[in-house]
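As structure tokens, the structure follows; a few thoughts come after it.
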Amino acid sequence: MTDTVGVLALQGDVIEHVHALQRAGARVLEVRMPEDLALVDALVVPGGESTTVIRLLERFGLIGPITERVRAGMPFWGTCMGMIVAATDVADLEQKTLGLLDVTVRRNAFGRQVDSAEVQLAIPALGPAPFPAIFIRAPWIERTGPGVEVLAEHGGHGVMVRQDHILGTSFHPELTGDDRVHAYFLRLVEEAKRTDSAA
Ligand code: GLN
């Protein structure tokens, strides 16, 4: 059966992710309430503003349900703000995050002067062709925990990481029309399902 991938739809570039996931072959559901979360096999948190989204997650009662599902093995992918929200540590954020991805990230790390940039990024896990990575006031990864694999670096810092069924990217694959990271995530969702049913 085709997996249903949820896209957190409280704020940020939701529709771009919905379209990219659909192009990559997923059924997609926008997630706003805990009831929506119960219907999905995986969750993508898009780019946006982390301080706003953490407040909205609290208001909609989503913090507990998301952390429980992801701790129980539900695949999760955070892009930019989504990765900040998932991180265990954020260098310059007062709010509590979901604490799922064992990394320290620094917000707006590539400098406010160069707010956004497109970089041809080497991501060996996606094949030899470079990936057109769009960075928008992007965070970088300053520390990775023992279970975290760095899949891509830019300027000496991690910008794409994976910890088992959790994926984080500093950049925005949903804005490029190159759906290889979305396809990679869908493979990860498939893998997680197989591990689950084998257990
Ligand atoms: N700078 C934003 C934040 O700190 C993230 C930017 C983005 O998601 N493109 O939340």
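In listed order, ligands and their atoms are each counted from 1. Atom set for the values below is all heavy atoms of this structure, side chains included, hydrogens, waters and symmetry mates excluded.
Using a 4.0 Å cut-off between a side-chain N of Lys or Arg and a carboxylate O of Asp or Glu, K193 and E190 qualify as a salt bridge.
No more than 12 heavy atoms of other residues, nucleotides or ligands lie within 6.0 Å of CD in E94, so this atom counts as exposed by the packing criterion.
In this structure, the protein non-hydrogen atom closest to atom 5 (C) of ligand 1 is G48 O, 3.3 Å. For atom 7 (C) of ligand 1, the closest non-hydrogen atom on the protein side is C80 SG, 2.8 Å.
Contact annotation: for R107 versus ligand 1, heavy atoms closer than 4.0 Å belong to the side chain alone.
Between T79 and ligand 1, no N or O atom pair is found at a separation short of 3.5 Å. Residue R137 has at least one N or O atom closer than 3.5 Å to an N or O atom of ligand 1.
A distance of 7.0 Å separates CG in L98 from CD1 in I54, rounded to the nearest 0.5 Å. For the atom pair NE2 of H17 and CH2 of W77, the computed distance is 5.0 Å after rounding to the nearest 0.5 Å. A distance of 7.5 Å separates CZ in R137 from CZ in R107, rounded to the nearest 0.5 Å. Taken to the nearest 0.5 Å, the CD atom of Q95 stands 6.5 Å off from the CD atom of E58.
Annotation for ligand 1: atoms under 4.0 Å from non-hydrogen atoms of G47 are 8 (O). Near S50, with a cut-off below 4.0 Å to any heavy atom, the atoms of ligand 1 are 3 (C), 4 (O), 10 (O). Those atoms of ligand 1 with a heavy atom of I84 less than 4.0 angstrom away are 3 (C), 4 (O), 10 (O). Of all atoms in ligand 1, numbered sequentially from 1 with element shown, those under 4.0 Å from a heavy atom of N108 are 1 (N).
For the pair L21/V7, a side-chain contact is recorded, criterion being any heavy-atom separation below 4.5 Å from C-beta on.
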